[in-house]
Structures are given as structure tokens and as C-alpha cells.
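First the proteins, then the strands, lettered A, B, ... as listed; each starts at 1.
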2 protein chains.
Amino acid sequence: MVGPMSPPSFAVTVDLVVLTIRERALQCLVVKRGSEPFAGRWALPGGFVETDEDLGDAARRELQEETAIGTGLHLEQLGSYGTPGRDPRGPTVTVAYLALAGSLDDPVAGSDAAGASWRGVDAGSAESLAFDHASILADGVDRARSKLEYTPLGAQLCPAEFTVAQLRAVYEVVWGQTLDPRNFHRKVTQTPGFLSPTGRRTTADGGRPAQLYRAGDAGRLHPPITRAHE
Amino acid sequence: MVGPMSPPSFAVTVDLVVLTIRERALQCLVVKRGSEPFAGRWALPGGFVETDEDLGDAARRELQEETAIGTGLHLEQLGSYGTPGRDPRGPTVTVAYLALAGSLDDPVAGSDAAGASWRGVDAGSAESLAFDHASILADGVDRARSKLEYTPLGAQLCPAEFTVAQLRAVYEVVWGQTLDPRNFHRKVTQTPGFLSPTGRRTTADGGRPAQLYRAGDAGRLHPPITRAHE
DNA sequence: GTAATAGTGTCTTTCAGACAATATCGA
DNA sequence: TCGATATTGTCTGAAAGACACTATTAC
């Protein structure tokens with residue numbers, strides 16, 4: 001029997017998968033790294049957790065520092081990644097968070113980072129991300145796809161006020177399939193708590209003016225919105 | 001601008017929520033701690049991650065060392081917990097894993113720990129767990145409840161071969177609600193890939209002999225099994 | 001036979017998918 | 001007027017909930 005040993009020492013980081021819809025595509029917030037390792041490469045926003053800081057608070061702080069986005073964003077823990085060697089600086093575990101941003105809060109500023117931008121989430125353009133961030137991003141997109149099925153979080157990817165058609169576009173882009181406008185309309189308007197009507201209308205899309213809604217207060221969709229699963 | 005600082009140092013642990021059904025109740029694997037902090041208190045099995053070790057591997061190793069259970073258990077990452085002060089030894093982040101154990105592999109041995117046992121998961125009996133393990137356990141139970149809806153993992157909580165009635169008992173215990181035997185039978189036997197018949201029968205429960213099944217190869221249930229949500 | 005559990009069938013309701021028809025705008 | 005989009009409605013098929021009924025064992 002040996003005496004008590006001090007436990008192995010790790011650095012802990014948070015990384016954020018922040019998704020939004022732009023140009024009718026699902027896009028992800030990335031920052032250009034200003035320092036080694038991977039200086040000049042694109043990566044998910046994130047950084048070291050302080051020892052007196054909760055994980056979620058660290059995620060919110062890093063998001064604020066690096067991209068000045070998303071006060072009041074819905075943040076959800078996605079998973080943790082600790083494969084040995086994933087960070088050349090030494091043993092590092094990262095806790096990934098997922099956030100969905102409405103299409104309006106797009107202006108992005110860098111402060112800690114050399115730059116920040118949105119980019120598509122398709123496999124090709126994600127390949128070049130630093131660390132294991134391509135894999136984390138893929139997990140985030142998967143999670144977002146699932147969340148849209150059984151939660152009303154699709155509304156988080158819309159502006160504060162939106163039409164049913166805009167919400168449908170979110171689903172179509174995230175799921176990569178077209179949905180029948182009439183059945184979708186029936187589904188979302190008749191699910192209690194999904195949408196709350198503002199009474200206002202917009203005619204921005206041409207055609208008959210559409211009702212404007214904001215996100216309702218439902219926590220979970222019953223029954224879920226179904227999609228063709230592979 | 002300051003120079004590069006060494007990042008804050010954390011210990012990283014894994015903790016396991018291992019659930020099974022015993023005595024018609026959902027039970028959880030706990031170990032009695034053999035050393036400080038919380039010596040003599042019950043806790044979830046778990047321990048420090050080595051720096052050259054993947055998180056999932058560490059979870060499997062700790063489970064093996066502390067309880068000699070579960071070679072070939074389904075292991076799934078549950079979430080990470082890093083509230084400052086959660087471990088009196090210093091800054092510690094724990095990555096929790098969820099596992100579902102069939103009712104047969106119950107004998108439990110301690111080696112690192114002073115003892116190991118199953119205990120009910122109800123709020124009352126979980127209160128006394130060390131660290132923030134009561135909260136982790138609650139999250140694990142929540143996750144298990146959800147997984148039963150849209151995956152065939154309920155079969156993982158049964159022996160290798162089981163009857164539809166045994167499977168139904170699993171759902172009833174985990175969800176805390178009774179299900180109609182006839183509708184449940186129709187649902188699980190007609191969902192492709194959920195169950196695979198062995199051809200054998202058992203009469204252990206009295207009455208007409210029941211078909212024995214083993215878990216099928218479906219990854220996801222379409223449509224899901226629904227439960228009354230609150 | 002009875003008691004007990006397994007399994008089938010049937011009716012009703014709810015809801016998704018397909019799609020016709022109508023409504024209300026701009027040009 | 002037309003072209004575009006929004007919204008309502010209708011029909012059909014899949015599947016859940018309720019529950020009668022039959023099947024097969026032990027006693």
C-alpha cells in the first residue's frame with residue numbers, strides 16, 4: 001500500500017458550439033486563434049476555466065470575451081472531451097457547450113482572438129478546425145437536430161419575432177429536408193405553448209401578410225415534431 | 001499585456017451512475033468510501049483520471065476496480081460537474097457516466113472501496129451521498145427515463161433473455177407508472193429491431209408460458225414509446 | 001374445473017402526410 | 001388582373017389507448 005499521491009493535474013477548458021442560421025444555412029461561430037498552439041487557425045470559441053468558476057459561467061464568460069455575442073443565450077452542456085494528446089500543451093479536458101443564437105444578433109467582435117466569424121457547419125469546411133473541434137462541432141450539430149424534434153428550441157434560432165415560414169425555414173435548414181408548409185403550420189400553431197402570437201403582421205416576404213409570433217413557454221413538445229430519420 | 005501564464009490546475013475524476021432493477025425498484029450502485037474526504041460515506045463509484053487515459057476508459061477502469069461489475073456494459077457520458085468547492089481536496093471536475101446493468105450481474109465486490117451495494121434512487125435515500133453525487137444521480141435517473149422513450153435500452157435493464165412482461169416491469173418501475181400489458185406487447189413486438197425472439201419459452205411467472213426475447217439491434221425507436229409527461 | 005398470466009383482435013381517437021381551396025397582400 | 005405567400009380545411013393512413021376475448025400453463 002502506498003501513501004496518498006497527489007492526483008494527476010489537468011487543465012480544464014470550455015468550448016462553445018454557437019449555431020445560427022445565416023444565408024439559409026446552419027452556421028457556427030468560430031474564432032481565429034491569436035496564439036499557439038494552432039495560431040492563425042480557426043477554432044471554436046473557448047478558453048481555460050478558472051479554479052473558482054463554475055463551468056457554465058466560464059462558458060458564458062469566454063463567449064462574451066471572444067465574440068461579444070449572446071447575453072441571454074440558451075446554453076446547454078454538450079459533453080466533455082479528454083482524449084490524451086488532444087491539446088499539445090498538456091493534459092486537457094474540455095467541456096463543450098451548445099448555444100443557439102437568433103439570426104439578429106450577428107455582429108461579432110474579437111478581443112481575445114484575432115478574429116471571429118460565422119462559417120457553415122458542413123463536414124468539408126469544418127475539417128480545418130483546430131484541436132478536435134471538428135468532432136465537437138459535429139456532436140453539437142447532431143444535438144441541435146435532435147433538440148428541434150422534442151423541444152421548442154427552433155424558435156431560439158429565429159429573431160425575437162418571426163413568422164411560421166421563418167421557423168419552418170429553420171427546421172428545413174437544420175434537418176436538411178423540406179417540410180410541407182401547411183402541415184408545419186398546423187403543427188406549430190396547435191401545439192400549446194410553442195408559439196405566442198404578437199398580434200402584429202409582416203409582409204416582408206411578399207404575398208399575404210403573415211402573423212408574427214414569439215417563442216412560447218413550453219419546455220418540451222408533446223408529441224414531438226417528427227422527421228425522416230435517415 | 002502579460003506573458004503566457006500556466007493555466008489553472010484541476011484534478012479530473014469520473015463518476016458512474018450504474019442503474020439496475022432490483023426488488024421491483026430502480027437501484028443504483030454505490031460504494032462506501034475508504035478514505036478521506038467523506039470516509040465511510042456512500043458515494044457513486046469513480047476516481048481520478050490518469051493523464052494518458054481517455055475519459056471513457058477511465059470510467060470503465062474505475063467501475064472494474066471498485067465494483068467488479070460490468071464488462072460490456074453500455075456506457076454513456078452524462079455530463080460534467082465543476083462547481084467550485086464540490087471536492088474539498090481542491091479544484092476538481094468530474095465527468096459522469098451512465099450505465100444500465102441487467103438484473104443478473106448483481107454480485108458486487110469492493111477492492112478500492114470499503115464496500116459496494118445497490119440502493120434505491122428515490123430522493124430520500126440519495127440525500128446522504130458524498131460530494132454532489134445526489135445531484136449527479138438525479139441527472140442520471142432523468143436521462144435513463146428519457147432514453148427509455150426513444151431507444152431500446154430498456155432491454156439493457158433486463159437479463160440477457162427476458163419476457164415482454166419483464167421488459168414492461170422495467171418501464172413501469174423506471175417511469176413510475178403502469179402500462180397496459182396488451183398495448184405494450186403490441187408496441188414492443190411490432191417495432192422492428194427492438195426484440196429478437198429466442199424461440200424458447202418460460203413459465204417462471206405462472207400462467208401461460210411466455211416467449212423469451214433478447215435485445216434486438218435497433219438503435220432508435222420510431223416512433224418512440226410515449227409516457228405521460230408530468 | 002379455477003386462477004393466473006400470455007397473447008390477439010377490435011374499436012375509437014389522435015395525429016401526420018398529402019393536397020385542394022381560400023385569403024390577402026404587392027405589382 | 002396576376003403572382004406570391006399565408007392560412008384553413010379535408011381526406012387518408014398509422015399508431016396509441018381502452019378493453020373484450022382467446023390461449024396455455026399450474027393447481
Side-chain angles (χ1 to χ4, degrees), chain A residues 24 148-150 152 154 158-159 161-172 175 177-214 218 220-229, chain B residues 24 148-150 152 154 158-159 161-172 175 177-214 218 220-229:
Chain A
R24 295 197 60 86
L148 253 54
E149 290 187 63
Y150 56 92
C158 290
E161 298 196 355
F162 53 90
T163 67
V164 172
Q166 282 169 38
L167 182 61
R168 175 165 49 85
V170 166
Y171 277 81
E172 292 181 334
W175 285 349
Q177 58 189 228
T178 61
L179 301 169
D180 184 279
R182 298 154 293 186
N183 292 338
F184 184 84
H185 188 280
R186 177 184 57 192
K187 175 70 184 174
V188 298
T189 54
Q190 288 180 13
T191 298
F194 195 164
L195 299 180
S196 106
T198 66
R200 271 187 295 279
R201 313 176 145 269
T202 183
T203 169
D205 291 322
R208 172 174 169 181
Q211 280 277 354
L212 282 169
Y213 296 87
R214 47 180 69 250
R220 204 184 159 91
L221 263 30
H222 284 291
I225 304 183
T226 52
R227 58 171 163 151
H229 255 283
Chain B
R24 294 196 60 86
L148 253 54
E149 290 187 65
Y150 57 92
C158 291
E161 299 196 355
F162 53 90
T163 66
V164 173
Q166 282 169 39
L167 182 62
R168 175 165 49 85
V170 166
Y171 277 80
E172 291 181 335
W175 284 350
Q177 57 188 229
T178 62
L179 301 169
D180 183 279
R182 297 154 294 187
N183 293 336
F184 184 84
H185 188 281
R186 177 183 57 192
K187 173 70 185 175
V188 298
T189 54
Q190 288 180 14
T191 298
F194 196 164
L195 299 180
S196 108
T198 66
R200 272 188 294 280
R201 312 175 146 268
T202 183
T203 169
D205 291 324
R208 172 174 170 179
Q211 281 277 356
L212 281 169
Y213 296 87
R214 48 179 68 250
R220 206 185 157 94
L221 264 30
H222 284 290
I225 304 184
T226 50
R227 58 171 163 150
H229 256 283

Find the distance [X]:[atom1] to [N]:[atom2] and express it as a whole number of Å.
X: Leu221(A); N: dA16(C); atom1: CG; atom2: P; value: 10 Å
X: Leu195(A); N: dA6(D); atom1: CG; atom2: P; value: 14 Å
X: Phe184(B); N: dT5(C); atom1: CZ; atom2: P; value: 17 Å
X: Gln190(A); N: dT10(D); atom1: CD; atom2: P; value: 13 Å
X: Arg182(B); N: dT22(D); atom1: CZ; atom2: P; value: 14 Å
X: His185(A); N: dT24(C); atom1: NE2; atom2: C1'; value: 14 Å
X: Tyr150(B); N: dA15(D); atom1: OH; atom2: P; value: 21 Å
X: Leu179(A); N: dA16(C); atom1: CG; atom2: C1'; value: 12 Å

Could you work out which one of [options] sits closest to the side chain of [X]?
X: Asp180(A); options: dA6(D), dT25(D), dC19(C); answer: dC19(C)
X: Arg186(A); options: dT8(C), dA16(C), dT25(D); answer: dA16(C)
X: Asn183(B); options: dA6(C), dG17(D), dA21(C); answer: dG17(D)

For Gly207(B) and Asp205(A), take the nucleotide of DNA chain D holding the closest heavy atom to each; which residue's nucleotide lies nearer the 5' end? Asp205(A)
Starting from the 5' end of DNA chain D, give me the residue, Ile225(B) or Pro209(B), whose nearest nucleotide shows up first. Ile225(B)
For dG17(C), does OP1 or OP2 lie under 4.0 Å from any side-chain N or O of Thr226(A)? yes
Are OP1 or OP2 of dA16(D) and a side-chain N or O of Lys187(B) less than 4.0 angstrom apart? yes
Name the nucleic acid region contacted by Pro223(A), choosing base, sugar-phosphate or nothing; use a 4.0 angstrom heavy-atom cut-off, strictly under. sugar-phosphate
Using a cut-off of 4.0 Å on non-hydrogen atoms, how would the nucleic acid contact of Gln211(A) be classed: base, sugar-phosphate, or nothing? sugar-phosphate
Mind checking whether Phe194(A) and Tyr171(A) have parallel, tilted or perpendicular rings, split at 30° and 60°? perpendicular
Quick one: does Pro223(A)'s side chain get under 4.5 Å of Lys187(A)'s, heavy atoms only? yes
Could you tell me if the side chain of Arg24(B) sits less than 4.5 Å from the side chain of Glu172(B), heavy atoms only? yes
Apply the test side-chain contact (heavy atoms from CB on, under 4.5 Å) to residues Arg227(A) and Ile225(A): give CA-CA distance (whole Å), side-chain angles for both, the deciding distance (0.1 Å), then the verdict. CA-CA 7 Å; Arg227(A) 58 171 163 151; Ile225(A) 304 183; over 6 Å; no
Is any side-chain N or O of Arg201(B) under 3.5 Å from a base N or O of dA6(C), one able to act as donor and the other as acceptor? no
Is it the case that dA26(D) (base atoms only) and Arg208(B) (side chain only) share a donor and an acceptor within less than 3.5 Å, ignoring hydrogens and angles? no
Search all heavy atoms of Cys158(B) against all heavy atoms of Val170(B) and return the closest pair with its distance. SG-CG2, 3.6 Å
